[in-house]
Amino acid sequence: MSHYYKRAVKDILENRFQNLVTIITIAFSVLIVSAFTLFFYNAGNIINSWKQGIRIMVYLSEGITKAQQLDTKYRFAEIPGIQASRFISKQEALELLKQQLQRQSLLLGNLKENPLPDAFEITLKPSSQNYERLEFIAKRLENLPFVDEVEYGQRWMQGVSAVVNLISITGYAFGSLFLLASVFIVANTIRLVLFSRQEEIRIMKLVGATNRFIKTPFYIEALIQGILGSLLGLIFLYVVYLFIGTYFKWGITAKTVNICFLPYDVIFVIIISGMGVGMIGGAIALKQFLKS
Amino acid sequence: MSHYYKRAVKDILENRFQNLVTIITIAFSVLIVSAFTLFFYNAGNIINSWKQGIRIMVYLSEGITKAQQLDTKYRFAEIPGIQASRFISKQEALELLKQQLQRQSLLLGNLKENPLPDAFEITLKPSSQNYERLEFIAKRLENLPFVDEVEYGQRWMQGVSAVVNLISITGYAFGSLFLLASVFIVANTIRLVLFSRQEEIRIMKLVGATNRFIKTPFYIEALIQGILGSLLGLIFLYVVYLFIGTYFKWGITAKTVNICFLPYDVIFVIIISGMGVGMIGGAIALKQFLKS
Amino acid sequence: MRIIKDKNAIIRMFHVHKRYGAKQALIDISLDVKKNEFLFVNGPSGAGKSTLLRLLYLGTSVSEGQILVDGINLARIPQSSIPYLRRKIGIIFQDYKLIHTKTVYENVALVLEAMGKKKVIIDKKVKNVLLTVGMKSRQDALPPTLSGGEQQRVAVARAIVGDPKIILADEPTGSLDSESSQAIMDLLEKYYIRGATIIIATHDKSIIKQPDAKVVELSEGRLLSNTKI
Amino acid sequence: MRIIKDKNAIIRMFHVHKRYGAKQALIDISLDVKKNEFLFVNGPSGAGKSTLLRLLYLGTSVSEGQILVDGINLARIPQSSIPYLRRKIGIIFQDYKLIHTKTVYENVALVLEAMGKKKVIIDKKVKNVLLTVGMKSRQDALPPTLSGGEQQRVAVARAIVGDPKIILADEPTGSLDSESSQAIMDLLEKYYIRGATIIIATHDKSIIKQPDAKVVELSEGRLLSNTKI
Ligand SMILES: Nc1ncnc2c1ncn2[C@@H]1O[C@H](COP(=O)(O)OP(=O)(O)OP(=O)(O)O)[C@@H](O)[C@H]1O
Ligand SMILES: Nc1ncnc2c1ncn2[C@@H]1O[C@H](COP(=O)(O)OP(=O)(O)OP(=O)(O)O)[C@@H](O)[C@H]1O
Ligand SMILES: [Mg+2]
Ligand SMILES: [Mg+2]
């Protein structure tokens with residue numbers, strides 16, 4: 001085995017130009033796919049933080065007791081999809097409203113009594129954060145005793161839902177496309193390199209080399225190329241990430257959007273995939289050339 | 001010239017495998033870059049439609065005359081960056097507020113008189129839709145006579161500004177990356193193909209062929225490959241676009257987000273670039289091989 | 001057709017035909033080669049000499065007929081056993097077939113590496129055989145930097161380094177002056193004396209000097225004669 | 001060093017040395033080849049015959065010394081003029097150097113296409129020359145499907161199709177039986193009679209039959225003799 005390994009390393013050094021092209025092609029392919037992954041990973045995070053904002057207001061009937069209020073809160077547990085509930089008293093609600101109205105809050109200046117009801121603010125589990133579930137949950141909430149009215153930001157929800165759908169469909173579609181493209185490009189680059197080494201392979205067969213003897217070093221080569229290429233691509237991406245990160249922080253200081261690099265497990269998968277694609281590309285080409 | 005063209009076509013047919021690899025590599029590269037362009041083209045459109053929402057409210061002093069109000073409107077023209085202004089009377093404003101408050105509008109039920117001021121809603125030119133300009137314009141508006149107060153959605157603006165910045169910086173960074181990667185991949189694929197045809201080139205030189213005689217068919221080949229590859233890539237993208245489009249429309253029926261395909265001039269530029277990249281990649285490789 | 005087993009024949013060809021498309025390269029060839037025979041296949045350009053050798057190492061397959069090599073029916077041999085067949089056969093190709101990107105040493109060593117021999121043994125054998133063909137001093141050169149005759153000598157070295165039972169030589173002296181030529185023929189004779197079976201395809205009758213050699217004549221794909229000189 | 005012009009010499013070599021790295025392939029060669037001369041460069045394997053020819057078509061450049069070909073100093077020729085020099089020279093390479101992916105016809109036609117000749121003229125000339133070397137019937141074959149001798153005949157056809165002033169032939173009959181061999185030599189003689197200058201590198205003295213041929217002997221890079229047979 002160490003003999004095969006030595007032959008592979010020697011081969012890489014002897015065919016430096018072709019190996020370099022292969023490694024850099026893998027690097028760029030990994031770069032494209034992982035850049036895309038990074039983008040959608042962060043976009044996904046941002047979208048999730050928006051989704052957390054999906055909430056239902058449950059307005060309680062006027063003049064209910066503390067016990068009835070608690071009773072209602074317990075009943076929420078029976079409805080699947082609800083993550084948490086928070087009680088908002090009528091006083092709190094008025095304060096919030098005044099804040100929201102900003103300038104127009106002077107309208108509320110001459111109120112004698114607070115006409116707002118007590119309410120619960122309900123947040124949903126991630127799996128229920130879509131329009132259909134939302135409507136269903138709202139219906140069930142409406143039927144609870146002591147509940148006067150249920151409100152949820154219909155139009156806003158539809159808008160966000162649309163954007164989220166668009167982004168995730170586009171993400172999956174383009175992601176698969178880019179992956180497909182990269183796999184194809186890498187596999188074909190390797191085929192092209194092997195194509196130019198057909199004669200060598202043919203001669204080796206003629207002097208009594210088994211397929212295994214011929215293939216193994218190529219596989220080891222593909223493995224090394226895959227690792228080096230993937231690492232190079234990821235390093236390149238990290239540099240770009242740092243650049244965007246600093247530029248971004250420098251430009252504005254919003255805490256609302258937090259970008260971060262790919263987690264370790266994703267990086268690991270990318271490197272393994274790089275290796276896999278190289279080996280599969282090599283395997284297809286070798287099979288083809290070893291036949292003739 | 002027609003002779004060169006014939007040789008190029010013959011060459012393509014003779015080296016079908018390598019040409020196919022090149023064309024498909026170009027197609028995938030074009031696909032990656034143009035998919036990205038398409039994504040950001042549409043994202044850009046959506047962001048623009050958000051930005052159109054950037055507006056400044058100018059509240060007028062109480063009890064001004066119609067003439068003073070018109071005078072104010074004329075003065076807006078002196079401030080660069082303002083696109084349009086719309087007068088909103090106090091009655092209109094109250095109606096709007098009631099709509100916005102939805103459920104809480106019962107708070108306004110017992111108002112004896114409308115305490116809201118008359119106002120102008122001002123929209124900005126695209127070039128002025130950033131936070132710095134906004135603040136500057138607001139300052140100038142505040143100093144106009146008959147203007148009581150100026151309001152603009154500060155926090156909201158900062159949020160959008162952040163997202164817009166992030167998306168456009170990421171877009172430019174990844175766009176250039178993908179472009180770079182594609183150019184490199186295509187150029188190297190062509191170099192790899194020419195590498196395997198070095199011997200042929202060398203023999204042609206030995207029997208008295210000029211560099212021009214050797215190069216021209218390769219250039220024509222690269223041109224044809226570039227066109228075919230780009231078209232293939234764009235067609236592939238269009239299919240994906242249609243797929244996303246229908247899936248998207250089927251899933252929800254929001255009119256807020258309108259996606260559309262790349263405009264003709266961009267398509268034209270992409271095809272020209274595909275050709276260009278092929279030719280440049282070929283030129284570099286040929287120069288290298290013709291020297292030795 | 002029954003194949004008669006012959007303990008003494010290492011190669012048996014029965015009514016072999018070979019067509020390349022419409023071209024009839026070999027027509028109804030029947031030929032036995034005894035163990036430890038020295039056989040010349042003679043004939044003009046395009047007669048089918050290389051094709052005949054090619055059939056023996058499965059460089060191509062017959063269109064009709066049967067071939068036995070060392071008791072193995074070539075029509076029945078599984079794909080995976082072909083390398084083991086080829087290790088019994090040392091081949092000097094007419095166009096040398098050296099790997100251009102590997103040195104002379106590596107080209108020759110490849111045969112033994114493929115057999116899985118140990119590094120020290122490989123090193124000893126390769127250096128020894130390169131010395132025999134007079135190419136020891138150029139062992140680190142790449143084939144394209146060698147003269148035609150030098151390449152041919154490397155091809156000879158590669159064919160004999162594995163101590164094959166059978167040596168197939170396709171114009172082994174075509175690019176060599178008479179002196180180097182004689183040296184190569186002497187070398188092949190040495191392996192013959194050691195017990196190998198040698199088949200040489202050549203258009204050049206002047207290299208046929210072995211008194212006990214058998215000569216067959218090919219002409220336009222047909223076997224003409226079967227004579228001793 | 002002054003170069004003496006000689007109206008009759010088409011090739012002049014003055015104290016030419018050629019080194020490949022440490023290897024001295026040619027040592028102090030001075031040689032004049034007259035217009036319309038028939039010259040054999042003879043010598044054993046590795047003597048430097050191919051190297052000598054290679055210098056004449058700028059396949060490689062001298063390490064020392066000067067060469068004039070048809071009045072052109074090869075050291076001064078601009079890169080862009082090399083193709084025009086090569087069109088004056090027909091070369092039969094020792095390893096044929098046929099393009100494997102082009103047919104026999106295309107390989108030969110290439111020379112004329114590069115010269116910018118018309119299609120009808122090319123067609124006539126190519127078919128004619130393929131007929132002369134006996135390869136007309138294989139004109140659509142790819143070189144790897146040809147026998148060694150057939151490839152060599154295609155190489156000869158390509159060398160003469162452009163009616164060159166000078167023909168350089170490196171072992172032009174190495175893969176050919178004596179009959180085909182003689183045919184090729186006769187062909188070269190025909191061009192000689194028409195006025196071409198012929199230089200043949202060979203290790204095989206038996207092909208030297210021309211009564212008025214000049215023979216020079218190379219040995220380990222040195223010019224030994226300068227004799228007529
Ligand atoms: N792969 C092939 N496809 C088509 N025809 C072929 C192929 N290989 C050989 N031939 C033809 O078969 C005939 C015999 O070829 P072969 O190489 O056996 O001749 P040969 O006797 O070795 O000749 P030479 O002395 O010139 O090498 C030739 O006419 C050749 O063109
Ligand atoms: N490119 C090269 N690099 C290094 N050495 C070379 C190169 N080309 C030729 N040589 C060496 O120079 C010497 C002369 O080579 P050349 O090809 O001229 O010999 P030759 O006379 O043609 O021999 P043959 O009859 O075998 O073809 C040989 O020893 C050869 O190994
Ligand atoms: Mg042959
Ligand atoms: Mg030579």
Side-chain angles (χ1 to χ4, degrees), chain A residues 17-18 21 24-25 28-29 31-32 35-36 39 46 57 59 93 97 101-104 106-111 115-116 131 149 151 158-159 161-163 165-166 169-170 173-174 177-178 180-182 184-185 188-189 191-193 195-196 236-237 240 243-244 247-248 251-252 254 256-257 259, chain B residues 17-18 21 24-25 28-29 31-32 35-36 39 46 57 59 93 97 101-104 106-111 115-116 131 149 151 158-159 161-163 165-166 169-170 173-174 177-178 180-182 184-185 188-189 191-193 195-196 236-237 240 243-244 247-248 251-252 254 256-257 259:
Chain A
F17 163 66
Q18 300 185 330
V21 170
I24 299 183
T25 303
F28 273 123
S29 300
L31 177 65
I32 289 172
F36 201 76
F39 179 74
I46 293 171
M57 292 302 295
Y59 298 104
L97 187 62
L101 285 178
Q102 291 178 42
R103 196 196 142 72
Q104 288 106 322
L106 52 90
L107 282 171
L108 307 175
N110 47 6
L111 275 180
L116 293 173
Y131 193 62
E149 205 178 335
E151 197 186 88
Q158 271 192 352
S161 196
V163 171
N165 265 349
L166 177 63
I169 293 170
T170 329
F174 284 0
L177 265 191
F178 287 2
L180 186 72
S182 299
F184 182 89
I185 287 171
N188 264 319
T189 305
R191 282 179 71 191
L192 224 45
V193 167
F195 187 78
S196 71
F236 198 178
L237 180 66
V240 174
F243 168 76
I244 293 180
Y247 186 91
F248 184 55
I252 39 136
T256 40
V257 191
I259 61 169
Chain B
F17 164 66
Q18 300 184 329
V21 170
I24 299 183
T25 303
F28 274 123
S29 300
L31 177 65
I32 289 173
F36 201 77
F39 179 74
I46 293 171
M57 293 301 296
Y59 298 105
L97 188 61
L101 285 178
Q102 291 178 42
R103 197 196 142 73
Q104 287 105 323
L106 50 92
L107 282 171
L108 306 176
N110 47 7
L111 275 180
L116 293 175
Y131 194 62
E149 204 177 338
E151 196 185 271
Q158 272 193 350
S161 196
V163 172
N165 265 348
L166 177 63
I169 292 170
T170 329
F174 285 179
L177 264 190
F178 288 2
L180 187 72
S182 300
F184 182 89
I185 287 172
N188 264 319
T189 305
R191 282 179 70 190
L192 223 45
V193 167
F195 187 78
S196 72
F236 198 177
L237 179 66
V240 173
F243 168 78
I244 293 180
Y247 187 91
F248 184 56
I252 39 135
T256 40
V257 191
I259 60 170

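Below, chain A is the first sequence line, B the second, and so on; all start at residue 1.
Heavy atoms of B:I185 lying under 4.5 Å from chain A belong exclusively to its side chain.
With sequence neighbours excluded, the residues forming a ring pair (Phe, Tyr, Trp, His ring centres under 6.0 Å) with A:F28 are B:F184, listed by chain and number.
Residues B:F36 and A:F178 come closest through the heavy atom pair N-CZ, 4.5 Å.
For the set A:L192, A:N188, A:T25, the count of heavy-atom pairs under 4.5 angstrom toward chain B peaks at A:L192.
Atoms CZ and CG, on A:F236 and B:L177 in that order, are 5.0 Å from each other to the nearest 0.5 Å.
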